[in-house]
S.K.: 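Below you will find the structure I want to go over with you.
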Amino acid sequence: MLIRRPADILSSEITAPAVYRERRRFIAQAGSLALAAALPAGPAHAGIGPLTPSPLSTTEPPTSRKAVTTYNNFYELGTDKADPAENTHRLKPAPWTLRIEGLVNKPRSFGIDELLRLAPLEERIYRMRCVEGWSMVIPWVGIPLATLLKQVDPQGSAKYVEFVSHYDRATMTRGVLDWPYLEGLRLDEARHPLTILALGLYGDVLPVQNGAPVRLVVPWKYGFKGGKSLVAIRLVDKQPTTSWMKAGPSEYGFYANVNPEVEHPRWSQATERRIGEFTKRKTLMFNGYTDQVAPMYAGMDLRRYF
Ligand code: MTE
């Protein structure tokens, strides 16, 4: 990854907990309206329910909305952190369809309104840790990926899931990576209850720079696993080669689990800087989600499978 030192973001940019609690009360009562208002009008969106708070959320204070929406990695829209928010016109998030295909008995495409109706929309406040050494706490809005996978009935031979991002050569970055941006998970990781497809954040529809209209969120892995603006999800029998694995196989592994003990070849992963904080914190194994996810990796040498 093209590493740059994160520009310092002031601690005053972290949303004060009281303000955030107030906002959550609003979301609980009117989340459906907020999301519906931000989506194209029409009966297709009439079925959005209120946001369900999730026991899987962290109680840590979320990073400011400003930082979450202006400090982004989305190379198709530029390689500087500020570029994606400035280049949102290069991606049109509607109309949109997401295809689920490959080793499934019922392949099909979903419109965003269909995804919104699949399951109650949950607010999931997750710690997110980037491989570059910074972290955020983000209040996502989404549905479990497992819910979507159930709809297409995966075949027994499906072992992995490949995630394909939208790419338009005419409007997006050329070079840098092998496009489209590809990510992958093992099928059990994809079905894990923590894994979600995000359709929003901070109670609103997902901003383009964060991966509108639908992106993957896997909180125990480095941020690059969360493919943005997904157009296809493919169930496959072999481990997919992801864009970052192609770009630097010794630096970016398939698993990419947050692990303070496995160094990136060019820097340590032992600590991180939470955006908005001054002092560094220790990075936690699996980004603090050990209890939930460690059993999936029992017996694996995590130095080898990084
Ligand atoms: N998805 C696409 N399509 N293109 C990208 O460049 N960057 C990844 C990931 N998903 C990326 C992507 C990286 S490196 C990170 S850290 C996260 O998106 C950042 O997500 P955020 O901007 O919503 O915090």
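Read the numbers this way: they start at 1 and go in the same order the structure lists the ligands and their atoms. Please read all numbers here as calculations on a predicted model, not as lab measurements.
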S.K.: Is the charged tip of Arg169 near the ring of Tyr167: under 6.0 Å from the six-membered ring centre and within 45° of its axis?
M.R.: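 So Arg169 doesn't make the cation-pi contact.
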
S.K.: Do the ring planes of Trp244 and Tyr181 sit parallel (below 30°), tilted (30 to 60°) or perpendicular (above 60°)?
M.R.: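 Taking Tyr181 first and then Trp244, their aromatic rings stand perpendicular (interplane angle over 60°).
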
S.K.: Does Gly226 reach ligand 1 with a nitrogen or oxygen that is under 3.5 Å from one of the ligand's nitrogen or oxygen atoms?
M.R.: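 N/O-N/O distance under 3.5 Å: yes.
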
S.K.: Quick check for you: to the nearest 0.5 Å, what is the distance between Tyr289 atom OH and Leu194 atom CG?
M.R.: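 Interatomic distance, Tyr289 OH to Leu194 CG, rounded to 0.5 Å: 7.0 Å.
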
S.K.: For ligand 1, which atoms, with element, lie under 4.0 Å from some heavy atom of Asn72?
M.R.: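 Under 4.0 Å from Asn72, ligand 1 has these atoms: 21 (P), 22 (O).
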
S.K.: Do ligand 1 and Trp140 have nitrogen or oxygen atoms that lie under 3.5 Å from each other?
M.R.: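 Between Trp140 and ligand 1, no N or O pair is found under 3.5 Å apart.
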
S.K.: Backbone or side chain, does any N or O of Trp244 fall under 3.5 Å from an N or O of ligand 1?
M.R.: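 So ligand 1 has no N or O lying under 3.5 Å from an N or O of Trp244.
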
S.K.: Give yes if a backbone or side-chain nitrogen or oxygen of Tyr75 is under 3.5 Å from a nitrogen or oxygen of ligand 1, and no if not.
M.R.: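 N/O-N/O distance below 3.5 Å exists for this pair.
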
S.K.: Would you mind listing which atoms of ligand 1 come within a distance below 4.0 Å of any non-hydrogen atom of Ser165?
M.R.: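 In order of number, 3 (N).
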
S.K.: Ring-plane angle category for Tyr297 and Phe286, please: parallel below 30°, perpendicular beyond 60°, tilted otherwise.
M.R.: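 Geometry flag for Phe286 against Tyr297: parallel rings.
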
S.K.: Under a 4.0 Å heavy-atom limit, does Glu76 contact ligand 1 with its side chain, its backbone, both, or neither?
M.R.: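 For Glu76, only side-chain atoms sit under 4.0 Å from ligand 1.
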
S.K.: Tell me if the centroids of the rings in Tyr202 and Trp140 come within less than 6.0 Å of each other.
M.R.: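 So the answer is no for these two rings.
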
S.K.: If you measure from each heavy atom of Arg215 to ligand 1, is any distance below 4.0 Å?
M.R.: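 Yes; Arg215 lies near enough to ligand 1 that a heavy-atom distance drops under 4.0 Å.
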
S.K.: Looking at ligand 1, is there an atom of it that comes within less than 4.0 Å of some heavy atom belonging to Cys130?
M.R.: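 Distance cut 4.0 Å: Cys130 passes for ligand 1.
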
S.K.: Do Val293 and Phe306 share a hydrophobic cluster (ILVMFWY, side-chain heavy atoms under 4.5 Å, transitive)?
M.R.: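 No, because Val293 and Phe306 fall into different hydrophobic clusters, even though each may have its own neighbours under 4.5 Å.
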
S.K.: Have a look at ligand 1 and work out which part of Tyr181, if any, has a heavy atom under 4.0 Å from it: side chain, backbone, both or neither.
M.R.: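 The answer is the side chain of Tyr181.
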
S.K.: Establish, yes or no, whether the cationic atom of Lys81 lies under 6.0 Å from the six-membered ring centre of Phe74 and within 45° of the ring axis.
M.R.: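 No - Lys81 does not lie over the ring of Phe74 by the 6.0 Å and 45° rule.
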
